[in-house]
Amino acid sequence: MKPLLRVRGLRTSFKTGRTVARAVDDVSFDLLPGETLGIVGESGSGKTVTALSLLRLIQTPPGHIAEESVVEYNGVNLLELPAKELRRVRGAEISMVFQEPTTSLNPVLTVGSQIAETLRAHRVISRRSAAARTIGLLRRVGIPEPEIRTRHYPHQMSGGMQQRVMIAMALACEPKILIADEPTTALDVTIQAQILELLADLKRQLGMAMLLITHDLGVVAGIADRVAVMYGGQIVEEGPTAALFTNPAHPYTEALLRAAPRLDAPTARLPVIPGAVPPATRWPTGCRFHPRCRHAWERCTAEPPPPLATPTEQRARCWLVDEPVRRKP
Amino acid sequence: MIVFLVATLTFVLLQVAPGDPLTRASEITLVPQQVLEQQRRNFGLDRPVHVQYARYLANVARGDFGYSFREHRPAAAAIAERIPNTLLLAAAALVITFALGILIGALQATRRGSAADELLSLTSLTLYSMPVFWLGVMLLLLFGVTLGWFPAGGVVDDAIYPYLSPLGRLGNRLHHLILPAVTLGAVGAAATARYQRAAMLDVVGQDFVRTARAKGLRERAVFFRHALRNALLPVITLFGLFFPLLLSGSVLVETVFAWPGIGKLAVDAIHGRDYAVVTAVAIIAAIMVVVGNLLADLLYRLADPRTREAQ
């Protein structure tokens, strides 16, 4: 199947004073029509910057997306598109839901007007029918009494309701791709499950593809078809969800899975990954994970591993794929 | 409460200040001592201080500010005649302050770091630190005297005004209004521009502005509908703060430009120890400040839905 979104060699850096932080460094992936791709990683691994770079929502300066990077949608490189044409893609073909619904909604406009605004930016539609469609959208994302709620301001709603509004806004023009950047992180645990369920339902109904960004492996396991694990501004491992969870190829993925709490195998203490994510201004030489890796040998400190295909259909940036005998039990 | 405090403070200040309304008259030896005594009794100036104070408060509460010694008519009448001029000047200055300040500040924010931004920042800082009366004198010298573009003072040209057409009268008024209004508004505009620029830069970095861009809105809509509206909130609070400044500034500006408003009336009254007029002006100024703050609060409620009570 032809990918809907084709990302190749995406590099986004930030200039802070005299140092350059390479937040996203050579990220490539495909998103197929109708599929859900989960991007998992710790804070600072570059997942949010990746998401924002796709629609050029990075502030430039200080941000900068490398000229040779490619974000291809419908055969067009979005990174080279004139501002006017990019605007027709944003919110209509590809839309986004952000992490913090409270700060992502404009506090001085009613939620209804913020949704209707998206419709009117992309469709030739009267004020009245935009308002009617807005009420329909609010009902669709499960907001009770949408006729009343449409006239409310964001501060009059709970976080969960605000995120539903954000989702209604993102879906207003029935996009082909929804990018959800940690859509449940700022919400209560009970609300998290509801929002994820809503996203999965709507995705099925509308047949759109979804890029789900999260630090929560449990979230990914539940709804993603494929998973990409990010570390140090790169995708270190990528593959079908089931394969990646049962046979992690990269030691980082393996360590992440081991550090996740499980109900079926209770342990007294959760294992941790020693050390911390290095700053984006000074990535280690060779493999970026080698200072924290229990398998690392000389080759890992010298040569950065490219994405290598594994027997179980994954791709991992790890020399262990090349020399499996070095894997310690 | 504030009005009461101002009324009391004005009374105390006038009592503490040396001399009374008849001091000048007593310096002229021709006025017989008897007449002076008679006059003092007429105005109640021979009564003990606390009696004067009680009568004064009671009168003020009834809206009676007393009799002007200098103008030989009720103080209220003198003020009523002058107040439209001051309100006109203050309103014009207020428009300049906010229209110009918001526009310049917002523009600076969109071109942050450019040469124009730096230049405007320097200009507003200079204006901001300039005394109003000095700025007034300089503008008057340059545009009024040297270049002769604007009249040097007054509200209208008394000699020709009665013979002008309605449109000509309006033009004549505006012509006289420009210099004093610019003088009075410039400092406020500079301060507003600085606030607006900072508020705007703060807002454009916020999440909802990014959301607006992600929705595919035009930059113009992102700027005006989303960023500017929110950046106006801190500036509205300034509106209340500017009212007292505007009134104290109008005292200076009216004096420099011979503008017959209550500011100039107050200055003349203080020189002449005209108790009734001084206290009346002070109280009216206090009322105007209170009303200004109330207006700012109402405006803020209108602009920010979060400050409205939940229905």
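In what follows, every chain begins at residue 1, and chains take the letters A, B, ... in the order their sequences are listed. Keep in mind that this is a model prediction, so the values were computed, not measured.
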Novice: Tell me, yes or no, whether the heavy-atom count around A:R123 atom CZ, taken from other residues, nucleotides or ligands under 6.0 Å, exceeds 12.
Specialist: yes
Novice: Heavy-atom distance under 4.5 Å between the side chains of A:Q114 and B:T211, does that happen here?
Specialist: no
Novice: Using modelled atom types only, decide if a donor and an acceptor are shared between the side chain of B:K215 and the backbone of A:M169 within a distance under 3.5 Å.
Specialist: no
Novice: Tell me, for B:V209 versus chain A, whether the close heavy atoms (under 4.5 Å) come from the side chain, the backbone, both or neither.
Specialist: neither
Novice: Is A:L52 close to chain B through its backbone or its side chain, or both, or neither, when contacts mean heavy atoms under 4.5 Å?
Specialist: side chain
Novice: Please identify, among B:N230, B:D304, B:L233, the residue contributing the most non-hydrogen atom pairs under 4.5 Å to chain A.
Specialist: B:N230
Novice: Pick from B:A214, B:A212, B:A221: which one has the most heavy-atom pairs with chain A under 4.5 Å?
Specialist: B:A214
Novice: Does any part of the side chain of A:Q99, heavy atoms only, come nearer than 4.5 Å to the side chain of B:D207, both counted from C-beta?
Specialist: no
Novice: Check whether B:A303 gets within reach of chain A through its side chain, its backbone, both or neither, counting any heavy atom under 4.5 Å.
Specialist: backbone
Novice: More than 12 non-hydrogen atoms from neighbouring residues, nucleotides or ligands closer than 6.0 Å to CZ on B:R218, yes or no?
Specialist: no
Novice: Count the heavy atoms of every other residue, nucleotide or ligand shown that sit under 6.0 Å from CD of A:E145, and state whether that count exceeds 12.
Specialist: no
Novice: Name the option with the most non-hydrogen atom pairs under 4.5 Å to chain B; the candidates are A:G91, A:S104, A:A92.
Specialist: A:S104
Novice: Shortest non-hydrogen contact from B:P305 to A:P107?
Specialist: CG-O, 3.3 Å
Novice: Within the structure provided, determine whether A:L109 and B:R225 are in side-chain contact (heavy-atom separation under 4.5 Å).
Specialist: yes
Novice: Pick whichever of B:E219, B:R213, B:Q206 has the most heavy-atom pairs under 4.5 Å with chain A.
Specialist: B:R213
Novice: Please report the shortest heavy-atom distance between A:A121 and B:G216, naming the atom on each side.
Specialist: CB-O, 4.2 Å
Novice: Just so I understand: if I count every heavy-atom pair under 4.5 Å between each of A:E100, A:M96, A:E117 and chain B, which residue has the most?
Specialist: A:E117
